[in-house]
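Chain naming here is simple, since letters A, B, ... match the order of the sequence lines and numbering starts at 1 in each.
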Amino acid sequence: MIDLDSCDPKLSHDVHRSSRTDLAACLQCKSCGNGCPFVGAMDFTPNQIIRLVQLGMAPQALESATIWICVGCNTCAVNCPMAIDIPAVMDALRHLALESGVTIAEPDILRFHREVLHSVKRYGRTHKLEIMMRYKLRTLDLFSDLGMGLNMLKKRKLDLTPSKINDIHHLDPVFKG
Amino acid sequence: MEFSYFPGCSLKAPGHENNLSLIAFSKAVHVDLIELPDWNCCGSSSAHAIDPTVAALLPQRNLSLAPKGRPLLVACPSCLLRLRQAHLALVRDKEEQAAYEKRWQTPFDPNLEIIHLFELFSRIDLSRYLKNGENRLNGIRFAPYYGCMLARPPDLRFEANYHGLMEKVLARLGAVPLSWGYGARCCGTFLSAAKPDLATSVVNGIVAGAMDVEAECLVTACAMCHLNLELRCTLQKKIPILHFSELLSLAQGTMDPKRWFPKHLVDPRPLLKQRGLL
């Protein structure tokens, strides 16, 4: 049952502002969910997420796995007959989830994103080997993919040393806001 | 013709053979690729997933490095999307433009063209170059794989669409394009690292789909898709995944098989030998 008294109308306003997407346009036709390659791993389909936002059910939307599983491949946005930018909605919800300090449903995915940005901040580019090693350390998952990683090193698909930009301080405005 | 060239992180390491073959092909068709000096990561999925400021500013720095009057050719479809969205956001917002100019100490160029390899085919008359390679690919049967690169989010929906381009060009070079159902299915991008099982189920579906229509190989125009399709496929029988640029160069006769093909995780050399291409 949906308790409308506990719903937060601010949620749809915040999502609208940050994604520049009008969720009132959604027809609940389910094209997004039906075409999504990763819907099987989601707890809510994309159209259900839109409904949660419309109803202002913030905890359910912000603590969902869906917003982290979504990779932003745009399949749903292309299928949507109302041209709703669903990946932009997912971005907005992730940012709100991080700001509001709710439980993150997929902490490993968040950790991975943080490792990528750590690498970009440090080198200006992504150093895949270091990202994967730090990620595996943090998730205490040291041995899965080990053989695969060695094979990639052998094939030079992973560089031992990072490719860096020369002027790392030129990136200061990016990370200092 | 001169282009600024943005290889992106994927082509620098895992997609090295994509980078080399793209440069070789461009040289053969008299396109000069001048690497964007000191380019940085576009932010990829991770920046827009968790930090909107970083996501907006990382591509901006690259735009600020691009010399005026020279189109920017971006090798990776994902970087292309980030750079184009950042450029479009600036074109639409005068205030942001002013902030950009102050931030990067350089005038904003609203006319900067940001293009993918595919767009070369609509800009330059490549037919005379393709003529040299006609039928060179000896009837190799391929499944054209675009991944999400042709999926344009709503703010880019009026941009050109290049669906069918790989089929058209490679057919002219003697390869046989197959019709199949997974050409625009996402490869899983970062889930390949963060949730390997999830990526594997999607990748296996794609590769099995190609084999169902009796493809001998998959052809992709994205280095990240390429890596995921090779790395996360756990099917017993696999087929090689080739970069579009590798087949172009192969048909051109500008290939360097010793440097490219050993880098593949699924060795394409037996197939290419069998087809008389090596």
Can you confirm whether Phe108(B) is buried at CZ, in the sense that more than 12 heavy atoms of other residues, nucleotides or ligands lie under 6.0 Å from that atom?
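Counting other residues, nucleotides and ligands, CZ of Phe108(B) exceeds 12 neighbours.
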
Does Asp145(A) pair with Arg232(B) as a salt bridge, N-O distance under 4.0 Å?
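Judged by the 4.0 Å cut-off on N to carboxylate O distance, Asp145(A) and Arg232(B) do form a salt bridge.
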
Choice from Lys136(A), Glu106(A), Arg111(A), Glu115(A) maximising heavy atom contacts with chain B below 4.5 Å:
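The answer is Glu106(A).
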
Taking the side chain as C-beta and beyond, is there a heavy-atom pair between [X] and [Y] under 4.5 Å?
{"X": "Leu191(B)", "Y": "Ile109(A)", "value": "yes"}
{"X": "Met152(A)", "Y": "Leu231(B)", "value": "yes"}
{"X": "Cys41(B)", "Y": "Tyr123(A)", "value": "no"}
{"X": "Ser10(B)", "Y": "Lys128(A)", "value": "yes"}
{"X": "Val174(A)", "Y": "Asn40(B)", "value": "no"}

Heavy-atom cut-off 4.5 Å, strictly under: side chain, backbone, both or neither for Arg20(A) against chain B?
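Contact with chain B involves no heavy atom of Arg20(A) at all.
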
Find the one option among Gly147(B), Pro52(B), Ala47(B) whose heavy-atom pairs under 4.5 Å with chain A are most numerous.
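Max contact count across the listed options: Pro52(B).
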
Picking from Ala194(B), Cys148(B), Pro14(B), Ser45(B), which has the most non-hydrogen pairs under 4.5 angstrom with chain A?
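Among the listed options, the one with the most contacts to chain A is Pro14(B).
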
Identify the two heavy atoms, one from [X] and one from [Y], that lie closest to each other, and give their separation to 0.1 Å.
{"X": "Trp39(B)", "Y": "Ile165(A)", "value": "O-CG2, 3.0 Å"}
{"X": "Cys9(B)", "Y": "Thr126(A)", "value": "CB-OG1, 3.0 Å"}
{"X": "Arg125(A)", "Y": "Asp38(B)", "value": "NH2-C, 4.0 Å"}
{"X": "Met132(A)", "Y": "Ala193(B)", "value": "SD-CB, 3.6 Å"}
{"X": "His170(A)", "Y": "Leu65(B)", "value": "CE1-CD2, 4.2 Å"}
{"X": "Ile50(B)", "Y": "His113(A)", "value": "CD1-CB, 3.8 Å"}

[X] versus chain A, the contacting section by heavy-atom distance below 4.5 Å:
{"X": "Ser78(B)", "value": "neither"}
{"X": "Val54(B)", "value": "both"}
{"X": "Pro196(B)", "value": "side chain"}
{"X": "Glu230(B)", "value": "side chain"}
{"X": "Pro153(B)", "value": "both"}
{"X": "His48(B)", "value": "both"}

